[in-house]
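Have a look at the structure below before the remarks.
Labels below follow one simple rule: chain letters A, B, ... track the order of the sequence lines, proteins then strands, and each chain is numbered from 1. Everything quoted here is computed from the prediction, not taken from an experiment.
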Amino acid sequence: MDETFLNELNKSQQEAVLFNDGPSLVIAGAGSGKTRVLTYKIAYLLSQGIPAESILSLTFTNKAAKEMKERIAQMVGWQTSRRLWMGTFHSTFSRILRAESDILGFTSQFTIYDSSDSKSLIKVIVKELGLDDKIYKANAIQNRISFAKNNLITAQSYRANNNLLETDRQSKIPQVAEIYTIYARRCKAANAMDFDDLLLFTNILFRDHPEILAKYKDFFQFVLVDEYQDTNFAQYLIVKRLVEDHHRLCVVGDDAQSIYSFRGANIDNILSFKTTYPECRIFKLEQNYRSTQNIVNAANSLIEKNKGQIQKKVFSQNAEGEIIKVYSVYSDYDEGFTVANAIGEIHAQSAYSEFAILYRTNSQSRVLEEALRKRNIPYRIYGGLSFYQRKEIKDVLSYFRLVINPYDEEALKRVINVPARGIGTTTIDKLMDCAHTQDVSAWDVLSNILKYNLNVNSGTASKLSKFRDIISPFISLLSELNAYELGTAIVKASGILTEALMDNTPENLSRKDNIEELLKAIHEFCEMRAEEDGSTVYLADFLSEVSLLTDQDKTDEDDNNRVTLMTVHASKGLEFKHVFIVGMEEELFPSARSLSSERDLEEERRLFYVAITRAKETCHISYAKSRFRNGKNNFCNPSRFIKDIDPKYLNLPQQDFQSISNRDTEFKSSFFERKSSSFQQTSMPKVTPNSFQSQKPLRKITSSPDAMGQTKEINGLHEGALIEHAIFGQGTVISLSGEGSDARAIVSFDSVGQKNLLLKYAKLNIIE
DNA sequence: TCTTCATAGTTTTTT
DNA sequence: ACTATGAAGA
């Protein structure tokens, strides 16, 4: 096989690719061609005669796996490439768990609970135990359980672990162990695993069944792990077990980019790789091919402030480039405006797809979106609630889940009364209670209400039976019809679409669209498979694929020339010509939660490092003096991290308010009166004084005397007024009520119908 | 049992 | 500003 591709690598990359006789650790600085090393290494292994199906590569996202597979396909052909095992830990081992499920007491059709499923289960258990849900917060419990599972502590070992019990006692939540026990029992009864279980049960499988481990050890002749700095203990141990005989392992990562410790990632995995595999070779990729020298140097000067990194010197031989521009802006609105403006200017030379706006939290996207929309800049948001998290989609998927696995209690609870069938919470509670006390599943009770003595009247009983009769006929069709046929039939029978069709409010229309889009996606998935290898996709196949998909994995749409908006976390592994990092303020970035611990602060700093190193040519940083958060306007200070960067790489603002000084002076007076409408004006591109006057901004809301007069007037708003809302567009004020911060208006919008708006928040411009 | 309204709590990041 | 929960009314 042709090996000339090796010439496309630099010295250290080549060494890393060619060494395959033992474990290796590749420390890959940002932008140093890490993916290139991985793909070339796999191509090289294939050229050495290792069969594709015996190479296992574990990536951080499904998308990364897909892309890598495609790149390898270009080198060695699709026929070979598609036989490679490539995917996330979760998707790879869920496949193996489905194959080996029997021995663990699950069926191969087990459901994967997402975090909202497990949270709701936790809530139920807390309630059943009669605990106070203010003290036993679902999130906190979930974290505790997740932490335990990531460290391979089962419920049983949790109960026996005095350290954990003591910690819980000190945190005034001594009953976590009980909750965990019941939680695990319920999951098992529901034939369900949560995300952490996928790793936990893989470990249990390998630990307790040496013959099965032996099979996979033998099968996977070479294991590669990408983003190794973000693996947790459970993942570390799976890998360790798989390669314990041959040690043919290559892990790639960058300790400076470890940003997932909140999810249990353990930076020690990479730092102590040498201890685990003493004979390992370590390769360092230090030349950055992505960014300009200034960006690399700025990032280096930042990350130097962290202690305990692996020694390395990332450098760039690219152009020196521009230094990082820092913007001081007045508010979050102003920030949106400033960023949109800057993008507009640079756009003369770069396509929109070359830009990214990165932020610490998803909630920051709103204002930015608005500013971009006003400027007609196309954008795409990653993250936030993904398609598969939307209510109607989750409902439909829950119907699918229930048909595939009728024991799936969370799915059952979710859809038993969607659309409304007169089965309320009391009935559901009775049903669950009945099932749990007799140690059977809710589905068993539904299947034989009399036998289990469910205490409901005959009317309710018949409603329940009716629901069961919607689901059960499909169970026998699971391997008869393909995913699309069965999915369509279930949606039809569920009555979910007919409900959405009832009236044509925009919400319902969008629900209908979403459900149709889901069916379309299933259809495409079926066709793709058929083309690929002629196999039939059943509903269960689709579902197992989809439960581990995230936003990152979304296939690109037709129009790709858009600005990307995403969290810094989501940007890991990506690169853009121009990067805007917004919201660089204390308590936001670094987040308020990280301030108390040096360890967390260092992780935040690494996060900032990741953000900066996404940039190829220019990097922009902004911080606002005030920001609207949690329904309130807060004053903020610039992030300490800005000071961590050597100032010679920064173009700092000459003075505060610099960014607004070149703006129409008329607006200045309104900056201090933060009633959003005036800011709306400032974020509009090219507002002429004329157009400004034609829409007078709503002034600060003061309480107007609520005299008995029918026609009220609040802040220049009167009934019948024509107004414009940032999101809903134009509409007419139907009525006004309340006063002060409670002032409300009912507005009839042309696009979305009537809305009851709280004037304190609503951004209204009076047109007439 | 369902719908509507009011209130309280809340936002870190995600497989 | 948004959701989740609870109370009251239908």
Side-chain angles (χ1 to χ4, degrees), chain A residues 58-65 87-94 112-116 118-120 123 127 133-134 137-139 142-143 146 149-150 193-199 227 230-232 234-235 258-265 358-367 382-386 389 391 417 419-428 456-457 459-460 463 547-553 566-572 583 587-595 600 603-604 606-607 610-611 627-633 676 727 738 742 744 756-758 760-763:
Chain A
L58 297 162
T59 58
F60 194 71
T61 63
N62 292 300
K63 191 183 183 188
T88 61
F89 274 88
H90 291 84
S91 65
T92 302
F93 294 106
S94 71
I112 297 172
Y113 275 177
D114 68 14
S115 28
S116 67
S118 43
K119 201 183 288 177
S120 108
K123 279 184 186 167
K127 207 169 175 185
D133 59 4
K134 300 251 168 22
K137 293 194 172 135
N139 271 326
Q142 199 177 22
N143 280 337
S146 175
K149 287 183 176 176
N150 285 163
M193 293 195 195
D194 65 21
F195 287 139
D196 302 316
D197 282 334
L198 296 175
L199 306 176
E227 308 284 9
D230 286 322
T231 52
N232 60 33
Q235 291 166 321
S258 158
I259 53 175
Y260 279 95
S261 76
F262 69 92
R263 210 172 75 189
L358 308 179
Y359 35 79
R360 179 69 241 270
T361 64
N362 279 307
S363 55
Q364 287 167 258
S365 68
R366 262 243 152 78
V367 207
Y382 288 82
L385 46 139
S386 78
Q389 310 268 28
K391 184 189 174 300
N417 199 30
R421 302 189 171 88
I423 304 172
T425 43
T426 20
T427 308
I428 297 174
V456 291
N457 61 40
T460 309
K463 284 175 192 161
S547 356
L548 291 169
L549 276 191
T550 62
D551 257 53
Q552 320 294 309
D553 308 320
M566 54 170 57
T567 62
V568 182
H569 280 93
S571 76
K572 193 170 82 152
E587 314 214 329
L588 180 60
F589 200 167
S591 98
R593 301 225 191 175
S594 69
L595 297 180
D600 291 351
E603 176 147 325
E604 295 280 311
R606 290 194 293 270
L607 192 57
V610 167
R627 181 172 296 275
F628 203 63
R629 278 224 280 173
N630 298 340
K632 276 208 308 283
N633 195 17
S676 21
I727 293 156
D742 193 42
R744 288 161 183 282
N756 191 347
L757 304 173
L758 198 53
K760 187 165 64 157
Y761 297 123
K763 297 150 192 152

Check ring-ring contact (aromatic ring centres under 6.0 Å, His included) between A/Y359 and all other residues, then give those that pass, not counting sequence neighbours.
-> none
Please measure how far the P atom in B/dT13 lies from the corresponding atom in C/dA4, and state the result in whole Å.
-> 15 Å
Atom pair distance, as rounded to whole Å: CD in A/Q235 and C1' in B/dT14 = 12 Å
Which is true for A/N417 with a 4.0 Å heavy-atom rule: it touches a base, it touches only sugar-phosphate, or it touches nothing?
-> sugar-phosphate
So what does A/L607 hit on the nucleic acid, given a heavy-atom distance under 4.0 Å: a base, only sugar-phosphate, or nothing?
-> nothing
Please determine if a side-chain N or O atom of A/N232 lies less than 4.0 Å away from the OP1 or OP2 oxygen of B/dT15.
-> no
Looking across every strand, which nucleic acid part, if any, lies under 4.0 Å from A/K134 by heavy atom: base, sugar-phosphate, or nothing?
-> nothing
Has A/F60 got its ring stacked on B/dT15, by the test of a centre gap below 5.5 Å and a plane angle below 30°?
-> no
Looking at A/L548 and A/S91, what are the two nearest heavy atoms and their distance?
-> CD1-CA, 3.5 Å
Dump the pairs, protein N or O against N or O of nucleotides 5-9 of chain C, anything under 3.5 Å, distances to one decimal.
residue, atom, partner, partner atom, Å
C/dT5, OP1, A/K123, NZ, 3.1

Does a nitrogen or oxygen in the side chain of A/R421 sit under 4.0 Å from OP1 or OP2 of B/dC2?
-> no
Within the structure shown, what part of the strands sits under 4.0 Å from A/S594 by heavy-atom distance: base, sugar-phosphate, or nothing?
-> nothing
Answer with base, sugar-phosphate or nothing: what part of the nucleic acid does A/F589 contact at a heavy-atom distance below 4.0 Å?
-> nothing
Quick one: which of B/dT11, B/dT13, B/dT15 gets closest to the side chain of A/S363?
-> B/dT11
Separation of B/dT11 P from A/R627 CZ (nearest whole Å) = 19 Å
Is the shortest distance from a Lys or Arg side-chain nitrogen in A/K149 or A/D197 to a carboxylate oxygen in the other one below 4.0 Å?
-> yes
Given B/dT15, is OP1 or OP2 found less than 4.0 Å from the side-chain N or O atoms of A/S91?
-> no
A/F195 side-chain proximity, nearest of B/dT10, B/dT11, B/dT15 | B/dT15
List in chain and number order the residues that pass side chain to side chain contact (heavy atoms under 4.5 Å, CB included) with A/N143, two or more places apart in sequence or in another chain; answer none if no residue qualifies.
-> none
Hey, can you tell me if A/F60 and A/Y260 have their rings parallel, tilted or perpendicular (30° and 60° cut-offs)?
-> tilted
